[in-house]
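First the structure, in the form of structure tokens, and then the observations on it.
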Amino acid sequence: MYRTHTCNELRSSDIGRHVTLAGWVASRRDHGGVIFIDLRDREGRTQVVFRPELSAGAAEAAHALHDEDVVQIRGEVAERIPGTANPKLDTGEIEVVASELIILNRSAPLPFQLDANVTNEDLRLTYRYLDLRRPPMLQNLRTRHTLNRVTRDYLDRYGFIEVETPILSKSTPEGAREFLVPSRLYPGQFYALSQSPQQFKQLLMVGGIERYYQIAKCFRDEDPRADRITELTQIDLEASFIEREDIIRLVEGLLAEIFRATRGAEVATPFPRLTYREAMDRFGSDKPDMRFGVELVDFSEAFRESQFKVFRGALDQGGVVKAINAKGFAGITAGQVEELTNLAKSSGARGLAFIKVENGEWKSPIVKFLGEPEKATLRERLAIEEGDLILFGAGQWETVCTVLGRIRSRVADLCGLERDPSDLKFLWVLDFPLMAYDAAENKWNAMHHPFTRPKTEDIPLLERGEYDKVRAEAYDVVLNGVEIGGGSIRIHEGDLQTKQFAALGIPPEAQQKLFRHLLEAFRYGAPPHGGIALGIDRLLMLITDTPNIRDVIAFPKNSRGFDLLMEAPSAVSDRQLRELHLQIRKRQ
RNA sequence: GGAGACAUAGCUCAAUUGGUUAGAGCGCUGCCCUGUCACGGCAGAGGUUGCGGGUUCGAGCCCCGUUGUCUCCGCCA
């Protein structure tokens, strides 16, 4: 038996007990005579003391211990000498007086100290197995485990069956770019790694499973971000004979249980709701952070006859003029103005008009173009006071909303507006547009995915080709400005699905080639169904309050999709390539 | 595909306007130390300042290029 107790188990009540512990040397304090080590395992730390007069051999060997050596210790639990208890340790009342020390394995000096703040993430990822020994990382993995366990219990209680779906699947190049896997048995043909179990879960509904879920790995060959990774995990679920309200109630209950179990937080349900249109209009985002105000206000009517050409021009071209009031931020520095302007430009704006309200005066390059009635409208609707900063956007509705939404968020950070991670502002965003026009490709794309059901009352719009007006029976769940999940009611009728594909520019032949399985399945009594997928990694970022998605994943790839630990991707042998019928082209 | 920031000892960082032999803390090595828990003391090793080029009497610092990392835009059905 390697151990009788863990390193976070012994207490005063165990004094006198003969025990065996095993773990890593977390710290050695060698006084020449008496030697202390902190022994660490998964559960915690226990101080071990070596006394030369009691066991000379063990003490002698203890002189040579180093950090992260793996040892086994036999000894007796003793009360610490009065005044030397350590209240910082759960086991701080006692210590183990070692009678025997067995070195199970030595450790070389570490490339970084486990108790230090390491900013070099490459190093942490290269030695991830060492990084994982740090308590916060272990805690993140435990939290992840709790989330998975609670999810399985909850969905089981509601009659959901966990079904695994293939990872090697078919390339259907709508949506995210896929990872392709060459086939040995079918020369020149490829699998695609599943970017989502979407089509399989719909086929499960046709299969009469009725309620499915999976903690599913999804693969997307897109550029990562701080909160995005190419290999992500989703709580994926789908149910038949349900409506939007059923999914919403189910997910609210699930999230409440997850936050109770992982954070001990009580989540108020039901969550507030906004339509996509409202969310964009008022907050400039389809995933607004509701922990602070600063809403976008529309001034299109007020500036209809404006002398200011930028505003007037935008309105004449069917656009909008909107503004936000950054309360008390008139003291913005020139550098900050430049930063906000660059943010606006990178978000699609031509520039960023602003007014500083200082010493009772409106300071701005544009103020000379404003008439008294316009000023009065601004003053009233933005509740302008001394010290405020007004920021404007003018142009196409969606661009203006997006620009001001990003400005809103940045201003909140610059102003130090409260963004308390324990303030959980959940939100449903409903009625997304079914499709979005892609000017670059000159075609309509599905906003969610091509299987999303149009709202029933909007189906005639779809049939008339008024694609921009068609709303989807789709819903996103948002927490503190982060989209943590999205889903929809699906199309279950073959003819409607065919029309939808056609609207997305997929002609009948391509439909058959790519989606024959689905269209065929819909011919045999497909039930009405819908579902949702929640991103576990992002959810954990919010639960653990970490800004880096890699910190909640045991073995993440870096932001370039490279695995520093395994050094993948890597070159393969000519023989492997031949088996796969592949030839590498020389790079130019 | 585009933009920005960063790169100095094993780690975290410093180095005044371009100026002597690039420093500190932690870690590492050796010695000392019997109640520490960020133990302490003494001594020591450790650097092609990412790489390449340029300007200069002189470059960690300025310029150009390049590589890597991170962040953002595009992208993410």
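Only heavy atoms go into these numbers, but all of them, side chains included; no hydrogens, no water, no symmetry mates. Fair warning: this is a prediction, and the values are worked out from it, not measured in the lab. Here is how names work: the chains are called A, B, and so on, in the same order as the sequence lines, proteins then strands, and each is numbered from 1.
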Sugar-phosphate, base or nothing in reach of A/Asn120, heavy atoms under 4.0 Å: sugar-phosphate
Electrostatic pair A/Glu238:A/Lys201 at N-O distance under 4.0 angstrom: yes
Short side-chain N/O contact to B/rA3 OP1/OP2 from A/Lys345, under 4.0 Å: no
Residue whose closest nucleotide on RNA chain B lies nearer the 5' end, A/Gly33 versus A/Ala85: A/Gly33
Of the listed nucleotides B/rU29, B/rC37, B/rU12, the one nearest the side chain of A/Asn86: B/rC37
From B/rC26, B/rU12, B/rU36, nucleotide with atom closest to A/Thr119 side chain: B/rU12
Candidate pair A/His517 and A/Gln199, rule side chain to side chain donor-acceptor pair (under 3.5 Å), full reasoning: CA-CA 9 Å; A/His517 51 282; A/Gln199 295 178 62; 2.7 Å; yes
Test item: A/Ser559 and A/Arg550 side chains (from C-beta on) under 4.5 Å apart, heavy atoms: yes
No-H, no-angle donor-acceptor pair, A/Gln113 side chain to B/rU12 base, under 3.5 Å: no
Sugar-phosphate, base or nothing in reach of A/Leu123, heavy atoms under 4.0 Å: sugar-phosphate
Pairing partner (Watson-Crick or G-U wobble, both distances under 3.5 angstrom) of B/rG58: none
Find every protein N or O atom lying less than 3.5 Å from an N or O atom of nucleotides 39-48 of chain B, and list the pairs.
from   : atom 1 : to      : atom 2 : distance (Å)
B/rC39 : N4     : A/Asp30 : O      : 2.3

Any strand: nucleotide that pairs with B/rA22 via Watson-Crick or wobble, under 3.5 Å: none
Which nucleotide in B/rC37, B/rU29, B/rC11 has an atom nearest any side-chain atom of A/Arg80: B/rC37
A/Asn117 vs A/Arg45, nearer the 5' end of RNA chain B by closest nucleotide: A/Asn117
B/S/- contact track for nucleotides 67-74 of chain B, protein heavy atom under 4.0 Å: --SSSSBB
Who pairs with B/rC76 - Watson-Crick or G-U, where each distance is under 3.5 Å: none
Pairwise C1' distance, B/rG58 and B/rA22 [rounded to whole Å]: 15 Å
Pairing partner (Watson-Crick or G-U wobble, both distances under 3.5 angstrom) of B/rU34: none
Centroid distance under 5.5 Å and plane angle under 30°, A/Phe36 vs B/rU36: yes
Same-atom distance (P) from B/rC39 to B/rC26, integer angstrom: 11 Å
Close side-chain approach of A/Leu427 to A/Lys287, heavy-atom, < 4.5 Å: no
Positions of residues 471-485 of chain A (non-hydrogen atom under 4.0 Å from RNA chain B), listed by number: none
Paired nucleotide for B/rC6 [Watson-Crick or G-U wobble; both distances under 3.5 Å]: B/rG68
NZ/NE/NH1/NH2 to OD/OE distance under 4.0 Å, A/Glu338 and A/Lys345: no
Same-atom distance (P) from B/rU36 to B/rG50, integer angstrom: 44 Å
Separation of the P atoms in B/rG65 and B/rG47, to the nearest angstrom: 32 Å
Inter-nucleotide C1' distance (B/rU48, B/rG60), Å rounded: 12 Å
Opposite nucleotide pairing with B/rC28, Watson-Crick or G-U, both atom distances under 3.5 Å: B/rG44
Sugar-phosphate only, base, or nothing, as touched by A/His66 at under 4.0 Å among non-hydrogen atoms: sugar-phosphate
Salt-bridge contact A/Glu473-A/Arg453 (side-chain N to carboxylate O under 4.0 Å): no
Mutual orientation of the aromatic rings belonging to A/Phe501 and A/Phe515 [parallel < 30°, tilted 30-60°, perpendicular > 60°]: parallel
Cationic N near anionic O, under 4.0 Å, A/Arg124 to A/Asp551: yes
Between B/rU8 and B/rA59 - C1' atom distance, rounded Å: 14 Å
Any strand: nucleotide that pairs with B/rU49 via Watson-Crick or wobble, under 3.5 Å: none
Sugar-phosphate, base or nothing in reach of A/Pro111, heavy atoms under 4.0 Å: sugar-phosphate
Carboxylate-amine/guanidinium contact A/Asp431 A/Arg244, below 4.0 Å: yes
